[in-house]
There are 2 protein chains.
Amino acid sequence: MNDRKQHVIQMAHQLFIERGFQATSIQDILEYSGISKGTFYNYFSSKNELLIALFKALYETMETSRNELLIGQDPSDLEIFVKQIEFQMNTNKKNKLITLFEEVFVSTDEELKDFLKVGQMRMLRWVFNRFIELFGEEKRPYLLDSSIMFLGMLHHNVKYYSIANGASADIYPVVRYTVNRIVNVVDGAAESGDQLNMPEQMNSWLPDAMRSEQDFQDTLYQTISELKENLVSKENHPKSVQLLDFVQDELLHSKKPRKFLIESVLLSIKEEEKLDQKLVNTLNSSVESYFERVAEACEDNKD
Amino acid sequence: MNDRKQHVIQMAHQLFIERGFQATSIQDILEYSGISKGTFYNYFSSKNELLIALFKALYETMETSRNELLIGQDPSDLEIFVKQIEFQMNTNKKNKLITLFEEVFVSTDEELKDFLKVGQMRMLRWVFNRFIELFGEEKRPYLLDSSIMFLGMLHHNVKYYSIANGASADIYPVVRYTVNRIVNVVDGAAESGDQLNMPEQMNSWLPDAMRSEQDFQDTLYQTISELKENLVSKENHPKSVQLLDFVQDELLHSKKPRKFLIESVLLSIKEEEKLDQKLVNTLNSSVESYFERVAEACEDNKD
DNA sequence: TCAATTTTATACAGATAGTACAATTTGAAA
DNA sequence: TTTCAAATTGTACTATCTGTATAAAATTGA
């Protein structure tokens with residue numbers, strides 16, 4: 001993305017943090033970032049569009065860092081989950097994400113609303129997937145309900161704790177406490193068999209395209225990280241690490257990942273005996289299904 | 001309040017429900033309710049002021065009906081609490097209160113924001129007081145945390161359940177489920193001794209004037225209702241019922257309750273042997289402390 | 001009836017979002 | 001360095017909205 005455009009987003013973000021979104025006029029943004037109106041509307045079709053760009057950037061860095069905390073760790077370790085949530089809450093606070101979110105969540109702009117909804121659903125879906133790792137597959141029927149309640153409890157706890165202890169208070173005990181309580185909730189629901197939402201329903205809450213996209217990104221990241229751990233722990237193998245890094249970058253950050261390149265690289269990777277072949281297979285099928293989805297999407301877009 | 005003003009509020013409410021608050025312009029309200037701009041600004045100093053008037057009216061009827069559900073019932077009965085919450089959630093939904101709330105909660109208007117904050121705190125306080133009745137005084141240390149989480153869980157559960165089952169879905173199972181889960185939470189917190197917020201802190205979250213006002217209204221309503229039950233169950237005693245009704249109305253709905261009248265009536269009530277003297281004493285001291293607060297407030301307002 | 005109050009119609013001021021477009025600047029290729 | 005297309009600017013304009021002002025008309029009540 002354009003450097004200048006990026007700069008405008010940053011300046012606007014600063015104004016939003018200081019004054020709020022509604023209270024910041026486009027004129028303010030123009031003056032503060034030193035561009036003209038024409039340029040602004042050349043970059044963004046509206047103030048809302050700018051906000052979406054800002055959210056996208058913040059989401060991306062947040063999701064990346066969140067995933068990095070899990071690399072090489074035990075996915076069923078509650079303490080790791082606490083750290084992941086703590087990190088996200090701190091990022092939220094630093095960027096006033098919650099305030100911004102609330103400020104525009106009820107908006108007349110359908111595009112913005114949908115974007116935010118998808119963001120929420122992605123978060124919910126991530127918590128749900130983590131809960132399955134934390135509580136085990138056998139608790140699955142109760143884990144969508146639990147994820148929903150966890151987010152509700154968390155936000156309320158953080159909100160009131162901040163009122164009571166000042167906005168700069170350490171958030172860790174709040175997250176720890178909330179996770180302890182959700183354990184009670186999961187146990188209680190499982191014991192009584194109470195169920196409100198079927199986990200399968202969640203799929204219908206997300207637009208088709210989203211449905212598998214995040215899962216893909218998460219598992220890709222996870223699998224490749226584990227493979228790299230695999231290599232480093234045994235002996236240094238810079239070539240394979242480079243190959244893995246290439247695949248990851250091409251798939252996550254390129255607009256049009258080059259299929260032939262990735263497939264060729266995957267072949268080389270398969271040759272590497274040092275790697276856990278089960279993980280390699282996961283990676284392979286994950287990439288395959290990705291290209292299937294891309295092909296379908298192309299089919300649909302023929303006008 | 002003026003009939004016409006009331007009519008404007010109703011018409012505006014209808015527009016807010018249909019289009020949302022932001023999307024409704026003052027011009028829309030003028031046309032829809034058939035008044036001129038001059039009249040509107042004669043009634044309300046702004047659109048926000050109108051919204052506050054609307055919220056006040058809705059809150060009042062909601063709190064009244066919510067209290068009525070408890071009359072003559074066992075305050076420790078979970079099922080009654082479920083009914084009270086169910087009623088409030090249905091009222092919320094019918095009037096799109098949550099949407100309206102979210103739409104303006106982050107606003108640049110401090111007066112509106114404070115008003116909404118106080119409303120939230122009153123609800124939290126009410127839940128907390130009910131939780132003490134439901135779970136017992138010995139659980140008090142854990143009940144502020146539990147109230148906070150209960151509201152978070154409840155709103156999230158209602159939200160996602162409505163997404164999954166349509167906005168017209170029966171809300172009862174959601175409330176029942178959430179109450180079951182909060183029981184798990186209270187038990188879990190009590191067992192482990194985890195505590196996040198001290199219940200005493202809640203007082204500092206409310207403006208001074210609010211602090212005792214709602215408690216007063218709730219206990220007044222409760223005590224008088226019980227006294228009336230008391231009379232009816234034994235034999236018909238219209239005079240005492242009239243006296244009790246007068247006290248209640250004078251205290252809750254008059255701008256300046258007449259102290260001499262109420263004290264005189266309370267004297268007559270004390271003579272009535274049919275009444276539970278313990279309840280009469282509760283009523284008496286409650287009224288006494290009310291007039292003390294009024295006196296203090298007068299003292300403060302001397303300019 | 002008559003005076004006070006409420007209501008109306010209408011014009012106006014000040015912000016704001018977004019459009020249109022000609023003039024200017026920039027930057028990269030020739 | 002020159003040239004030319006693209007990016008950027010400045011400015012004027014439209015439309016919408018909130019809120020003010022005020023004179024004229026209608027309503028109310030004594």
Side-chain angles (χ1 to χ4, degrees), chain A residues 1-55 100 103-116, chain B residues 1-55 100 103-116:
Chain A
M1 194 179 314
N2 192 339
D3 260 10
R4 201 143 176 237
K5 190 171 169 182
Q6 212 58 48
H7 177 249
V8 175
I9 296 178
Q10 274 176 28
M11 293 298 102
H13 186 191
Q14 210 166 310
L15 288 178
F16 293 163
I17 288 176
E18 285 165 16
R19 319 177 183 177
F21 179 75
Q22 317 252 27
T24 304
S25 73
I26 289 185
Q27 195 57 44
D28 293 335
I29 300 173
L30 302 185
E31 285 162 16
Y32 197 68
S33 55
I35 59 163
S36 75
K37 205 169 212 178
T39 306
F40 182 92
Y41 281 101
N42 185 22
Y43 290 155
F44 316 99
S45 67
S46 68
K47 202 169 72 165
N48 284 347
E49 206 73 32
L50 184 160
L51 188 66
I52 290 182
L54 171 60
F55 272 124
L100 274 178
E103 199 167 352
V104 293
F105 187 63
V106 185
S107 145
T108 49
D109 182 335
E110 286 302 318
E111 194 192 341
L112 177 57
K113 240 169 33 179
D114 283 350
F115 175 81
L116 295 175
Chain B
M1 195 184 307
N2 192 340
D3 258 9
R4 201 145 176 233
K5 190 171 168 182
Q6 209 59 46
H7 177 250
V8 175
I9 295 178
Q10 275 177 26
M11 294 298 102
H13 186 192
Q14 211 166 309
L15 287 178
F16 293 163
I17 288 177
E18 285 167 17
R19 319 177 184 178
F21 178 75
Q22 317 252 27
T24 304
S25 74
I26 289 183
Q27 195 57 45
D28 293 334
I29 299 173
L30 303 184
E31 284 161 18
Y32 197 68
S33 54
I35 58 163
S36 75
K37 202 170 216 179
T39 306
F40 181 92
Y41 281 101
N42 185 23
Y43 291 156
F44 315 100
S45 67
S46 69
K47 201 167 76 164
N48 285 348
E49 206 73 33
L50 183 160
L51 188 66
I52 290 183
L54 172 60
F55 272 124
L100 273 178
E103 198 167 352
V104 294
F105 187 63
V106 185
S107 145
T108 48
D109 182 336
E110 286 302 320
E111 193 193 343
L112 177 57
K113 241 171 29 183
D114 283 351
F115 175 80
L116 296 174

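The chains referred to below are lettered A, B, ... by the order of the sequence lines, with proteins before strands, and numbering in each begins at 1. Nothing here was measured: the structure is a model prediction, and the numbers come from that model.
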At less than 3.5 Å, do the side-chain atoms of K37(A) and the base atoms of dG18(C) form a donor-acceptor pair?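 Answer yes: a donor N or O sits under 3.5 Å from an acceptor.
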Rounded to the nearest Å, what distance is computed from the [atom1] atom of residue [X] to the [atom2] atom of nucleotide [N]?
{"X": "L30(B)", "N": "dG19(D)", "atom1": "CG", "atom2": "C1'", "answer": "12 Å"}
{"X": "N48(A)", "N": "dT16(C)", "atom1": "CG", "atom2": "P", "answer": "16 Å"}
{"X": "Q22(B)", "N": "dT16(D)", "atom1": "CD", "atom2": "P", "answer": "19 Å"}
{"X": "D3(A)", "N": "dG27(C)", "atom1": "CG", "atom2": "P", "answer": "12 Å"}
{"X": "E31(B)", "N": "dC17(D)", "atom1": "CD", "atom2": "P", "answer": "10 Å"}
{"X": "I35(A)", "N": "dG10(D)", "atom1": "CD1", "atom2": "P", "answer": "11 Å"}
{"X": "Y41(A)", "N": "dA20(C)", "atom1": "OH", "atom2": "P", "answer": "12 Å"}
{"X": "Q27(A)", "N": "dG18(C)", "atom1": "CD", "atom2": "C1'", "answer": "12 Å"}

Between dC17(D), dA7(D), dG18(C), which one does the side chain of N42(A) approach most closely?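 Of the options given, the side chain of N42(A) lies nearest dA7(D).
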OP1 or OP2 of dT8(D) less than 4.0 angstrom from a side-chain nitrogen or oxygen of T39(A), does that happen here?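 For dT8(D), OP1/OP2 do not have a side-chain N/O of T39(A) under 4.0 Å.
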Measuring to OP1 and OP2 of dA6(D), would you say a side-chain N or O of R4(A) lies under 4.0 angstrom away?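 For dA6(D), neither OP1 nor OP2 has a side-chain N or O of R4(A) closer than 4.0 Å.
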If you assign each of I26(A) and G38(A) to its closest nucleotide in DNA chain C, which residue comes earlier from the 5' end?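 Per heavy-atom nearest nucleotide, the more 5' residue is I26(A).
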Once you apply a heavy-atom cut-off of 4.0 Å, does S46(A) come out as touching a base, just sugar-phosphate, or nothing?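 Touches sugar-phosphate only.
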Would you mind classifying the nucleic acid contact of Y43(A) as base, sugar-phosphate or nothing, using non-hydrogen atoms under 4.0 angstrom?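 The answer is sugar-phosphate, as Y43(A) gets under 4.0 Å only of primed atoms, P, OP1 or OP2.
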Give a yes or no answer on whether the side chain of K37(B) reaches the backbone of I26(B) with a donor-acceptor pair at less than 3.5 Å.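 Between the backbone of I26(B) and the side chain of K37(B) there is no qualifying donor-acceptor contact (under 3.5 Å).
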D114(A) (side chain) donor-acceptor with E111(A) (main chain) under 3.5 angstrom: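 Side chain of D114(A) to backbone of E111(A), a donor-acceptor pair under 3.5 Å: no, none is there.
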Parallel, tilted or perpendicular, judged at 30° and 60°: which one describes the rings of F55(B) and F115(B)?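 F55(B) and F115(B): tilted rings.
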For a quick check under 3.5 Å, do S25(B) and D28(B) share a side-chain donor-acceptor pair by atom type?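 Yes, D28(B) and S25(B) have a side-chain donor paired with an acceptor closer than 3.5 Å.
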Which heavy atom of S45(A) sits nearest a heavy atom of E49(A), and at what distance?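 The pair with the smallest heavy-atom distance is OG-OE1, 3.3 Å.
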